[in-house]
J.: 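Dropping a structure here in structure tokens format, bear with me for questions.
What you see is a predicted model; the values in this text were computed from it and never measured. The figures here come from the full heavy-atom set of this structure, side chains too, leaving out hydrogens, waters and symmetry mates. Labels below follow one simple rule: chain letters A, B, ... track the order of the sequence lines, proteins then strands, and each chain is numbered from 1.
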Amino acid sequence: MTQAQANVTDAEPGIAIAGIKDGPPLPEGLVAADLVEVCRQMILVRAMDERIWMMNRQGKVPIAASCQGHEASQLGSLLAAQKDGDCFLFPYYRDLAIKMAAGLTPRQVMLSFMGKEGEPYSGARQFPLQGADLPRRIIQISNVVAAGLTQSVGYALGCKMAGDATVTLCYFGDGATSQGETHEAMNFAAIHKLPVLFICENNKYAISTPQESQMVVSDVAARAEGYGFPGFVIDGLDTIACYEATRQGIEHARKAGPALIEMKVERFMPHTTDDDDRRYRDRDALDAARHYDPVSVFPAQLVERGIVTPEEVDAFREEAQQQVNDATDFADAAAPPDAATIYDHLYVGEGA
Amino acid sequence: MTQAQANVTDAEPGIAIAGIKDGPPLPEGLVAADLVEVCRQMILVRAMDERIWMMNRQGKVPIAASCQGHEASQLGSLLAAQKDGDCFLFPYYRDLAIKMAAGLTPRQVMLSFMGKEGEPYSGARQFPLQGADLPRRIIQISNVVAAGLTQSVGYALGCKMAGDATVTLCYFGDGATSQGETHEAMNFAAIHKLPVLFICENNKYAISTPQESQMVVSDVAARAEGYGFPGFVIDGLDTIACYEATRQGIEHARKAGPALIEMKVERFMPHTTDDDDRRYRDRDALDAARHYDPVSVFPAQLVERGIVTPEEVDAFREEAQQQVNDATDFADAAAPPDAATIYDHLYVGEGA
Amino acid sequence: MAEMTVIEAVRSALREEMERDDRVFVMGEDVGQRGGVFLATQGFIEDFGPQRVMDTPLAEASIMGIALGAAFRGMRPIPEVQFSDFVWPSVNQLIGEAARVHYGTNGALKVPMTVRIPYGGGIRGGLYHSQNVEALFFHTPGLMVVTPSTPYEAKGLLKSAIRDDNPVIFLEHKKTYRLVRGEVPDEEYTLPIGPADIKRAGSDVTVVSYGLAMHYCLAAAATVAEDGISAEVVDLRTLKPLDTATILQSVRKTGKLLVVHEDNVSGGIGAEIAALAANEAFDYLDAPIARLCGPDVPTMPFAQTLEDAYMPSPETIAAEVLRLAAY
Amino acid sequence: MAEMTVIEAVRSALREEMERDDRVFVMGEDVGQRGGVFLATQGFIEDFGPQRVMDTPLAEASIMGIALGAAFRGMRPIPEVQFSDFVWPSVNQLIGEAARVHYGTNGALKVPMTVRIPYGGGIRGGLYHSQNVEALFFHTPGLMVVTPSTPYEAKGLLKSAIRDDNPVIFLEHKKTYRLVRGEVPDEEYTLPIGPADIKRAGSDVTVVSYGLAMHYCLAAAATVAEDGISAEVVDLRTLKPLDTATILQSVRKTGKLLVVHEDNVSGGIGAEIAALAANEAFDYLDAPIARLCGPDVPTMPFAQTLEDAYMPSPETIAAEVLRLAAY
Ligand SMILES: Cc1ncc(C[n+]2csc(CCOP(=O)(O)OP(=O)(O)O)c2C)c(N)n1
Ligand SMILES: Cc1ncc(C[n+]2csc(CCOP(=O)(O)OP(=O)(O)O)c2C)c(N)n1
Ligand SMILES: [Mg+2]
Ligand SMILES: [Mg+2]
């Protein structure tokens with residue numbers, strides 16, 4: 001990870017994990033079991049993500065944003081947060097992998113996408129997995145793009161005032177960088193040297209709008225200098241690189257204030273289930289990107305390194321399918337929220 | 001003018017004009033008469049500014065923002081715009097010198113500050129000199145800080161669409177750089193390579209808030225790189241430097257798209273007539289800064305260079321006092337707008 | 001006459017006006033290659049080019065400020081807000097600036113800008129893709145607010161909005177986009193901004209509504225007719241300026257007023273209409289003025305049950321009309 | 001009892017609550033060294049330090065978003081908007097976010113935040129330092145909106161707002177800051193958010209108002225008393241929740257209702273109160289419901305003549321009360 005490093009997604013993403021082979025066996029803070037667990041999660045998340053999309057086509061899930069292509073960045077950075085042990089997360093709507101790996105069960109996730117009672121983030125008042133999951137230290141109030149950035153900075157301010165050692169991780173897409181509030185959030189965080197880590201999952205599209213129509217610079221990270229804190233560019237398809245960058249970022253944030261990590265990722269699916277990306281996306285480029293799909297690459301690398309066996313990977317896949325089936329059946333059979341609850345919790349103290 | 005040049009206000013501002021002496025007699029595009037005229041305007045603007053403040057203390061002017069300390073930046077850059085001949089201006093509320101030198105008479109200015117009929121910008125509906133002065137190609141809709149930036153960018157877009165060669169000049173303070181819209185305006189201008197020149201009159205205060213509480217970086221100009229266009233830092237007390245920077249900036253904007261010029265100026269007076277800056281401003285620093293008051297320095301330099309005589313300068317001062325007296329008497333005697341006009345011009349086609 | 005949907009009518013109006021006047025241009029998130037998320041500008045970029053069908057960065061305040069600035073130069077911008085829920089970051093440019101430009105420059109500058117905003121619920125949009133935002137704009141002097149309910153009105157009013165020299169907030173109910181079909185003249189036409197339309201004449205109860213809910217009112221009127229109750233349905237079409245004459249005339253005739261809208265009841269458009277009637281038709285009123293509106297919760301929650309609980313429906317409207325008629 | 005001005009009462013409430021609970025902090029533009037442009041926090045930075053009296057950059061959206069985030073961590077932020085006119089860039093964080101946090105997390109998170117906003121005109125503020133912004137917040141479920149008229153209420157209600165776990169929009173009329181003086185108890189007290197207050201009892205006409213205009217209503221009531229007309233003046237104090245019981249009780253007693261406010265008439269608070277009475281007190285009404293409010297122009301223009309033409313005054317109110325009484 002080098003500051004202002006050039007866009008590295010042109011390079012073969014697979015090579016970064018070579019670090020494990022060539023250098024010390026595993027990056028700082030990790031044991032093999034951690035990687036195995038990430039591998040298992042990644043497979044589960046993908047199975048879930050695919051099923052959710054299918055359920056949309058069946059008319060049972062009104063809307064979903066897929067995280068396919070973002071798994072390495074999300075799970076790598078989450079692993080660093082979990083290892084750290086004192087992080088608070090402000091993810092965005094594409095962060096299914098983060099929200100699941102943080103501890104939600106597949107059943108809870110499926111309840112959420114189907115808008116059923118027991119939905120864990122908002123009681124099915126909001127789009128899937130939006131609201132808050134406080135037991136897992138996650139807040140994502142809305143899907144107004146970039147609205148979470150100033151809130152995450154405020155959270156970090158609150159932590160600092162309260163004397164917590166917490167580092168706040170704030171996730172957002174390339175599209176969010178155009179919003180004025182992103183500027184305001186970064187500037188404020190810098191002035192107060194707040195312990196917040198900005199993580200941009202740059203998939204180079206805001207719905208149909210390519211990066212060139214969003215900014216002139218090739219790296220979002222280039223903006224950090226204008227606020228007086230460091231910005232880094234990372235291969236976001238490389239799980240280990242994302243782990244390591246986040247680990248260092250958390251350390252920096254706690255010691256010295258904000259940093260920005262830009263993870264170059266791919267969005268393999270249309271923007272949401274409502275979108276048709278054939279209107280604007282080059283199929284060849286997309287197909288080429290799929291060669292670096294973390295959900296294929298990462299398990300293969302672990303196998304190659306001897307960290308898991310192919311049989312274990314197969315077992316993960318099978319287990320994932322079972323869990324997803326179970327979750328689907330469970331959520332499908334679950335009741336929707338009672339209409340009478342519509343007034344609950346409008347004000348504190350009102351409602352169940 | 002060098003890109004990303006360090007803050008030069010620590011240096012003696014007077015030296016920059018030495019360029020006239022040491023180098024070619026006058027900077028590109030200028031004749032001596034231009035400087036004499038700027039000298040005359042500067043003296044007039046200062047006399048006006050002081051009178052307005054006094055009239056506030058007499059209860060006849062409800063509110064005023066003084067431009068004392070900003071005259072060199074405003075008149076220098078305006079001169080470049082006028083020499084160019086095809087610029088459109090979006091100034092801000094502290095730009096009295098721009099608005100006057102662009103062609104308003106002292107009488108019109110005083111009508112404005114006293115809120116009388118014939119007020120040229122808004123018909124006395126707004127704070128003094130806010131609204132539009134289309135004959136002089138000036139728009140400043142409101143005093144909502146930074147709201148004019150996106151509008152100026154939109155104006156430049158409109159010019160580009162219409163095939164105009166116009167360059168739009170957009171003025172704002174250091175405080176405005178914190179607003180999200182400033183980020184959005186600059187980013188959009190960059191993407192479309194619009195002919196717009198951003199001019200930041202950095203007086204290091206937003207009311208009472210010093211620059212250190214507004215940003216970590218020492219130069220606003222450092223932000224330009226993150227948008228992919230050049231940023232420059234200029235001694236804003238040096239009229240000729242401001243002229244020359246703006247001249248080059250206009251050229252750049254027309255050829256290659258946006259640029260940002262940061263002019264380091266001083267705010268000699270409290271924020272507005274409503275403010276009491278003794279609560280937050282170090283008097284010694286302020287007194288020291290007054291040694292570089294452009295309204296003393298610039299005439300003295302012209303005298304030293306033999307461009308004007310001391311007698312001519314005295315005559316300018318006398319003439320200025322006369323004009324200001326006349327304007328004050330005129331505006332004082334003028335009628336306020338008729339109350340019946342309150343509904344006029346709410347919608348196009350309605351009202352006188 | 002051709003039958004089309006509301007979104008087709010919007011598209012047709014935009015296309016005709018862009019062909020008619022090359023100062024007209026659309027801008028917004030994903031309006032270009034994508035043709036807009038609701039496909040209002042589908043195929044436009046091919047025909048008008050990326051300059052007049054401009055994809056913007058994701059930054060609503062600047063979309064509005066830039067459109068406004070372009071209007072100052074004489075362009076006729078049509079900024080699109082992708083969903084009404086995302087208009088908030090831009091409202092300073094609309095309420096603080098655009099609405100006041102003509103007034104605040106004493107008539108020197110005008111703002112020929114039409115802000116297209118898909119709004120409203122009933123499409124499982126949850127708290128952030130369902131909002132009704134009309135009350136704020138309605139309360140802002142200097143703006144015009146238009147809320148078409150059918151393809152005919154969407155096309156005719158949008159064309160007028162684009163030709164108007166004032167800033168117009170053009171609110172398109174998302175659920176009507178594909179749901180509501182109707183006849184639209186083949187030849188060129190416009191509809192004036194302002195006049196309401198009596199969509200169904202009646203004598204017992206006046207029902208005032210707009211947008212999607214207006215269709216539910218028509219359905220309710222048909223239902224109560226079976227019980228011998230004659231409801232007059234007034235489709236406001238334009239909220240600002242409000243057609244007070246048509247509303248008052250109807251109320252003076254029926255003596256009973258029900259206002260129906262999807263937006264939250266407190267401080268909504270219905271309050272103003274009730275206040276109007278309680279002042280200017282007071283002596284004609286035979287019953288308390290009733291409102292059947294969205295409840296005072298943020299907006300439609302995501303779950304189907306909760307969304308249903310939020311929305312006014314033909315059934316609840318019919319019940320209210322019957323109650324009023326019997327008063 | 002001590003006599004103080006409204007701004008002194010605000011300052012006193014802030015100070016007491018900051019002393020009482022160290023999670024309470026103020027933030028905003030120039031609140032620190034400058035003590036706020038209206039001096040609400042004068043001397044605070046010396047006593048509470050720059051962390052709890054935080055000067056922010058000039059960026060309202062972030063002021064609100066950051067306050068909200070700090071509230072999520074259990075702080076009790078009091079962001080100040082320097083002038084109501086500058087609240088617009090921040091309204092997404094208030095309307096789109098803060099108001100919906102508790103609802104949208106199904107009760108998991110709460111927002112103990114009090115947003116202080118100096119508002120209103122009559123101080124030669126022109127189009128950009130005079131705005132009334134209450135209608136938008138009033139229309140937003142999930143917010144509370146408080147509009148004190150006297151020092152007693154300013155102090156008691158601000159203390160309650162700070163202790164409340166819901167987001168409160170606390171609107172302080174700028175012209176009352178130094179103009180309105182009144183007695184304030186020496187001992188600790190709070191006033192509940194919600195109840196209106198009958199500032200003058202009467203039997204002929206109910207006059208409902210709030211903020212600065214309420215004082216003009218009291219003056220008008222005193223004037224009409226000389227003509228033998230007895231006006232009851234209801235000071236709302238809190239707009240949201242609205243004390244419908246007190247309003248209705250008064251209207252049922254007098255049979256006549258006048259609502260007075262400075263904000264633009266169309267879609268203002270007066271519309272809701274009229275709608276309420278036209279529904280729930282219909283059978284008691286003896287006269288059309290009247291509103292005397294700011295005209296529908298952006299806000300008070302700068303010139304003295306135009307500002308005067310905008311503002312409701314004791315004279316115009318008295319005339320309207322007399323007209324109603326004679327109806
Ligand atoms: C303020 C706002 N404007 C518009 C939208 C509609 N919208 C939802 S996602 C999106 C694109 C976001 O792109 P990016 O930030 O790059 O995230 P990605 O979806 O690519 O992960 C848009 C325009 C929104 N949710 N919020
Ligand atoms: C959006 C907004 N917020 C707050 C204000 C109040 N205000 C007026 S000027 C000002 C400071 C502006 O500072 P700067 O941009 O540096 O300009 P300067 O006055 O120093 O020339 C503030 C906070 C405003 N006018 N607009
Ligand atoms: Mg993206
Ligand atoms: Mg400044």
J.: What residues of residues 164-186 of chain A sit under 4.5 Å from chain B when you count only heavy atoms?
T.: Thr177(A), Ser178(A), Gln179(A), Gly180(A), His183(A), Glu184(A)

J.: List the atom pairs, donor and acceptor, that lie under 3.5 Å between side-chain atoms in residues 87-95 of chain B and the rest of the protein, sequence neighbours left out.
T.:
from: Arg94(B); atom 1: NH1; to: Ser66(B); atom 2: O; distance (Å): 2.8
from: Arg94(B); atom 1: NH1; to: His271(B); atom 2: O; distance (Å): 3.2
from: Arg94(B); atom 1: NH2; to: His271(B); atom 2: O; distance (Å): 3.2
from: Arg94(B); atom 1: NH2; to: His271(B); atom 2: ND1; distance (Å): 3.0
from: Asp95(B); atom 1: OD1; to: Gln74(B); atom 2: NE2; distance (Å): 3.0
from: Asp95(B); atom 1: OD2; to: Tyr92(B); atom 2: N; distance (Å): 2.8

J.: Side chain of Lys160(A), backbone of His192(A): donor and acceptor closer than 3.5 Å?
T.: yes

J.: In the structure I gave you, are the side-chain heavy atoms of Glu201(A) and Ser73(A) within less than 4.5 Å of one another anywhere?
T.: yes

J.: Atom OH in Tyr155(A), atom CD1 in Ile139(A): separation rounded to 0.5 Å?
T.: 6.0 Å

J.: Under 4.0 Å between a Lys/Arg side-chain N and an Asp/Glu carboxylate O for Lys204(A) and Glu262(A)?
T.: no

J.: CZ of Arg278(B): more than 12 outside heavy atoms within 6.0 angstrom?
T.: no

